Amino acid sequence: MKLKGSEIICESLLREGVDVMFGHPGGAILPFYDALWAYPQLRHVLVRHEQSAAHAADGYARVTGKPGVCVATSGPGATNLITGIMGAKADSIPMVAITGQVARAVMGTEAFQECDICSIASVCTKRTYLVMSAADLSRTIHEAFRVAQEGRPGPVLIDVPRDVQLEEAEFEYPEISQPAAPALSDEVMENVRKAATLINEAERPVIIAGHGIVHSGAYEELRQLAEATGIPVINTLLGLSGFPRNHPQSLGMLGMHGMYWCNMVVDQADVLIGLGMRFDDRVTGRVSGFAPHARVIHLDIEASQVGRIVPAEVPLVGDARPILQALVPLVEWAERPEWMASIGHLKSEHPSLAIPSSDALMPQQVLAQLNEAIQKDDDAVVVTGVGQHQMWAAQYLFLNQPNSFVTSGGLGAMGFEVPAALGAQMGRPGATVWSVAGDGGFQMTLQELVTAVQEKLPIKIALFNNGYLGMVRQWQEMFFEGHIKEVPMPGPDYVKLAAAYDIPALRVEHQEDVADALRQAQDYDGPFLIEFVVEQETNVFPMVPPGGSLADTIEDPRTALAAN
């Protein structure tokens, strides 16, 4: 059948299983929006800024495993998507961005809102497509969804000139088939056997589990490996919720703001099993000082990542789930009493989760109580912004349900917390979605509060207001001679702001009021905001200083002194 290009886009999205998209209309994408009238199956969420569309698609993709879809017009609409697209690239999130472009006849003339978005996005995506004929749309969209999901997932951008959206062409969609998982090669199996031998001989082994566990869905396989060997499990920031935090073998997060004991365990380990993680700088600190005694097993789906930063004695290239399925039967249980006693000693002597005493409300106190609420909820999802609150959330929230922690890791995009929570709520409509926000990042995308109201999305916002760009202030205090410059961050009256959007809100300034506020938010059937007015100048510890190794981890001087 003959269809307009705009209709071909809609038909193609339906065939790829798309049920929701996030976007903002404009002139060059108007034919597509006109076609949406005839496709009520495609739910469109109107965000107030295109950056939010990409963040929302990101949050949706993370909790569903399906590609998130975002839509924008040409020029500024398309460029506004870039931050969210790059965030998806950095964190390996499948996404398909569709942008309008000026008509073919005026391309290259600096026409109104013309922008070569494919060139701009080329370094932020796995692939970009400029579709110059309606006859190519269905094939291109099918390929884009495949590329976004295969191998290491990531974003893809499709740019469609306005007149291509109006052009008619025969519509025939390529057959969609699920490729069979390839059998593990002889080379991979040989390395699996080498990994098993190394694990079985280890005296001080540790597993570091990253985001690849979540992408692969290898939760059960990771648990089996840990329990079959007795090896403790540490998570990267993006690996949180890949292994239940309440499991007796879970040690928590490592890295720049990881648990002191996690960093020391890695520093002392003789075998390090890195699963679905890239050994990025926030994990390793100074690479030359990272895990100096360890022989490394490194599993990643992308061959170019294995051994790229930290040399790997045993490389395992491929999907985590089938490789772990092959590894588990080959490993053996070992008590390792000295190693486990050493870890227990580190945890008792270096209480990284101790909360400093203060007359003011401490952000750690709030998150400890939020953690208690989450423990009672079998379907809670936490979405954070970026900064101090993000690190405290990673430390204090014990996430036990698979794939229940959403955060911007690689790009570290402030403003992620609210729009990504909207996307996560769309992806898991029955879940309690908590947006843990900082006042700095919240002010970047707070306009999306009205999107939550419009779409009836019952997200719960825990807003930490310390009146600063807190993480930047911490660095200025610790490493720039206390030159506190351009980081005080006055904001609006957040309770009144929420009321303007018809969202109930509370301001909490005292520890004794935290639990009741959290309960009210959970019980309310709709969006709810709690402003926690917390101590202004509390710093995040532990912390690996710039240029330091994990062995140089700094503890909170207040809690370390109390412990000793």
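Worth knowing before you read on, the calculation uses all heavy atoms, side chains too, and leaves out hydrogens, waters and symmetry mates. These numbers come from a predicted model, not from an experiment.
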> Is it true that a side-chain atom of N466 and a backbone atom of V534 form a donor plus acceptor pair closer than 3.5 Å?
Replying inline: no

> Given the rule in the side-chain contact (heavy atoms from CB on, under 4.5 Å) test, do F112 and V106 qualify, once you have shown the distances and angles that lead to the verdict?
Replying inline: CA-CA 9 Å; F112 177 68; V106 296; over 6 Å; no

> Around atom CG of D525, are there more than 12 heavy atoms of other residues, nucleotides or ligands at under 6.0 Å?
Replying inline: no

> D34 side chain to L30 main-chain N or O, any donor-acceptor pair under 3.5 Å?
Replying inline: no

> Given V156 and T125, is the side-chain contact (heavy atoms from CB on, under 4.5 Å) satisfied, shown in steps?
Replying inline: CA-CA 5 Å; V156 175; T125 57; 5.7 Å; no

> So do D439 and M489 actually touch side chain to side chain, heavy atoms under 4.5 Å?
Replying inline: yes

>> Can you list everything that forms a side chain to side chain contact (heavy atoms under 4.5 Å, CB included) with H24? Sequence neighbours excluded, please.
In response: L46, E50

> Does the S216 side chain pair with the main chain of G212, one donor and one acceptor, at a distance under 3.5 Å?
Replying inline: no

> Quick one: ring-ring contact (aromatic ring centres under 6.0 Å, His included) pairs with a partner in residues 54-106, sequence neighbours left out?
Replying inline: H55-F416

> Are I82 and C124 close enough that some pair of their side-chain heavy atoms sits under 4.5 Å apart?
Replying inline: yes

> Which atom pair, heavy atoms only, marks the closest approach of S138 to P174?
Replying inline: O-CD, 4.1 Å

> Can you list every ring-ring contact (aromatic ring centres under 6.0 Å, His included) pair that touches residues 367-400, not counting sequence neighbours?
Replying inline: none

>> Side chains of T445 and S52 only: does a donor on one sit below 3.5 Å from an acceptor on the other?
In response: no

> When rounded to the nearest 0.5 angstrom, what distance separates CD1 in I459 from CG in L449?
Replying inline: 7.0 Å

> Are side-chain heavy atoms of E7 and M1 found at a separation under 4.5 Å?
Replying inline: no

>> My understanding is that only residues two or more places apart in sequence, or in another chain, count here; which of them pass ring-ring contact (aromatic ring centres under 6.0 Å, His included) with H215?
In response: H211

> In Å and rounded to the nearest 0.5 Å, what is the CZ to CE distance from R282 to M391?
Replying inline: 8.0 Å

>> With a sphere of 6.0 Å drawn around CD of Q41, does it hold more than 12 non-hydrogen atoms of other residues, nucleotides or ligands?
In response: yes

> How would you list all residue pairs meeting ring-ring contact (aromatic ring centres under 6.0 Å, His included) that involve residues 422-442, not counting sequence neighbours?
Replying inline: F442-Y494

>> If you compare all heavy atoms of E486 against all heavy atoms of L469, which two are closest, and at what distance to 0.1 Å?
In response: O-CD1, 4.1 Å

>> Donor-acceptor pair, distance only, cut-off 3.5 Å: does the side chain of Y173 make one with the backbone of H142?
In response: yes

>> Is it the case that the side chain of Q536 and the backbone of P488 share a donor-acceptor pair, with hydrogens and angles ignored and the cut-off at 3.5 Å?
In response: no

>> If you define the side chain from C-beta out and look only at heavy atoms, does anything of D159 sit under 4.5 Å from T128?
In response: no

> Shortest non-hydrogen contact from S12 to F171?
Replying inline: OG-CE1, 3.8 Å

>> Is any side-chain heavy atom of F32 closer than 4.5 Å to one of T73?
In response: no

>> Treating D513 as the side-chain partner and V508 as the backbone partner, does any N or O pair qualify as donor plus acceptor under 3.5 Å?
In response: no

> Do K126 side-chain atoms and L157 backbone N/O form a donor-acceptor pair below 3.5 Å?
Replying inline: no

> Looking only at heavy atoms, which two atoms of Q443 and P492 are closest? And how far apart?
Replying inline: OE1-CD, 4.0 Å

> Below 4.0 angstrom, N of the basic side chain to O of the carboxylate: do E372 and K376 qualify?
Replying inline: no

>> Less than 4.5 Å apart, side chain to side chain, heavy atoms only: is that true for V533 and L361?
In response: no

> If you measure from CD on Q165 to CD1 on I8, what distance do you get to the nearest 0.5 Å?
Replying inline: 11.5 Å

> Hey, does the side chain of R278 reach the backbone of Q305 with a donor-acceptor pair shorter than 3.5 angstrom?
Replying inline: no

>> Quick check: closest heavy atoms across P94 and Q149, and the distance to 0.1 Å?
In response: CB-CG, 4.3 Å

>> Distance check, rounded to the nearest 0.5 Å: I158 atom CD1 versus L137 atom CG?
In response: 8.0 Å

> With side chains defined as the heavy atoms from C-beta onward, is the minimum distance between E448 and H49 less than 4.5 Å?
Replying inline: yes

> Quick one: does K66's side chain have a donor or acceptor within less than 3.5 Å of a partner on G427's backbone?
Replying inline: no

> Quick one: side chain to side chain contact (heavy atoms under 4.5 Å, CB included) partners of S404, sequence neighbours excluded?
Replying inline: S241, L399, Q401

>> Using every non-hydrogen atom in the two residues, find where S408 and V386 come nearest and quote the distance to one decimal.
In response: O-CG2, 3.7 Å

> Only one of I120, T99, I117 forms a side-chain contact (heavy atoms from CB on, under 4.5 Å) with L81, so which one is it?
Replying inline: T99

> Does any non-hydrogen side-chain atom of Y129 lie less than 4.5 Å from one of I141?
Replying inline: no

>> I'd like to know whether V436 forms a side-chain contact (heavy atoms from CB on, under 4.5 Å) with F464, so could you lay out the CA-CA distance, the side-chain angles of the two residues, the decisive distance to 0.1 Å, and finally the verdict.
In response: CA-CA 8 Å; V436 176; F464 289 78; 3.7 Å; yes

> Does G27 offer a backbone N or O that forms a donor-acceptor pair with the side chain of R162 under 3.5 Å?
Replying inline: yes

